[in-house]
Amino acid sequence: MRNRILGGLFGVAVGDALGGTTEFMNEAEIRREYGWLEEIIGEGVWNLEAGEITDDTAMTIAVARGIIQNPEDPIEAIGEHFLKWKDTNPKDIGNIIRTVFGLYDGNWTEAARRAGQLLNGQTAGNGTLMRCLPIALAYRDAAVMEEVTRRHSEMTHEDPLATEACLIYNRIARRLLQGEQLTSAILTEITGTRYEQLLNCEPPVTPPDGFVVHTMQWVVHHLLEAETFEEVVQRAANGGGDSDTIGAIAGGLAGIYWGCDGIPSRYADKILLQQNLIELGDALLTLREKGDR
Ligand SMILES: [Mg+2]
């Protein structure tokens with residue numbers, strides 16, 4: 001279980017750090033600039049250090065810290081850690097989350113609702129899907145896991161499409177933590193949903209952008225097609241668009257499935273925050289095994 005939990009956290013970070021190089025580029029630009037990007041080199045639009053992570057991992061860490069701080073009722077604690085992160089002046093805060101931060105006045109769902117009005121209902125971004133994995137890592141009880149996943153998404157993203165994607169994602173994560181095969185876990189959870197057509201293994205016709213439905217389509221496609229952890233995150237990075245976020249989301253599930261020891265050490269060792277991830281992973285493991293939820 002420790003290997004799986006650490007694999008999940010490192011999977012998010014590696015997908016983020018690798019994909020951060022190519023964020024907002026298209027495939028032709030990536031081929032021209034990098035050929036097929038295989039190594040964590042930083043640079044890109046955020047001028048990253050090699051191994052530096054972006055908002056995807058930072059917010060995942062905030063969710064993990066909130067859960068560890070108050071596992072019985074983590075939402076307010078998660079919010080506190082979001083605000084602490086915001087106060088570090090990060091390079092990259094997504095548009096929806098930036099808007100919610102600007103409107104927050106002590107009530108997250110109210111801020112999310114007002115952001116929905118301000119953004120003309122355009123709040124189905126991938127900003128909650130990219131950070132929701134620690135909830136599946138921490139809570140064994142399916143009903144608790146689903147409730148926290150739902151409430152956590154509604155803190156910033158009013159749109160039910162965002163909540164739906166987080167729920168499907170964390171249900172897959174839960175199956176992988178229990179040792180289920182990757183394809184079978186995905187098949188079970190997307191059958192009967194809007195993502196079901198991905199089972200035909202055709203690449204999505206949609207762009208790999210920040211709309212949560214598109215993001216989820218690419219995540220599922222990479223996970224169904226790739227044969228190793230490495231291939232999952234490289235596919236995401238080399239697809240461009242919202243590549244760091246797609247890499248983080250796909251990398252999280254791939255990391256659980258292949259385990260931390262299935263992540264190449266040349267990737268894991270590059271992550272600048274690796275010590276934080278190990279400490280958080282161990283705390284989440286303790287919660288999962290000793291907690292009653
Ligand atoms: Mg990012």
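Atoms within each ligand, like the ligands themselves, are counted from 1 in listed order.
N47 approaches E52 most closely through the heavy-atom pair O-OE1, 4.5 Å.
Here the options are I246, T245, L48, T57, the test is side-chain contact (heavy atoms from CB on, under 4.5 Å), and the partner is D16; only T57 passes.
Counting only distance, with no hydrogens or angles, the side chain of E29 and the backbone of N26 share a donor-acceptor pair below 3.5 Å.
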Can you check salt bridge (charged side-chain N to carboxylate O under 4.0 Å, His left out) on R151 and D73, steps first, answer last? CA-CA 10 Å; R151 287 180 60 207; D73 188 9; 3.5 Å; yes
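For Y139 and E146, the side-chain atoms include no donor-acceptor pair closer than 3.5 Å. For the 3.5 Å distance criterion, the side chains of E154 and T109 fail to qualify, holding no donor opposite an acceptor.
Inside a sphere of radius 2.8 Å centred on the Mg ion (ligand 1), the protein N/O/S atoms present are T54 OG1, D55 OD1, D56 OD2, D244 OD2.
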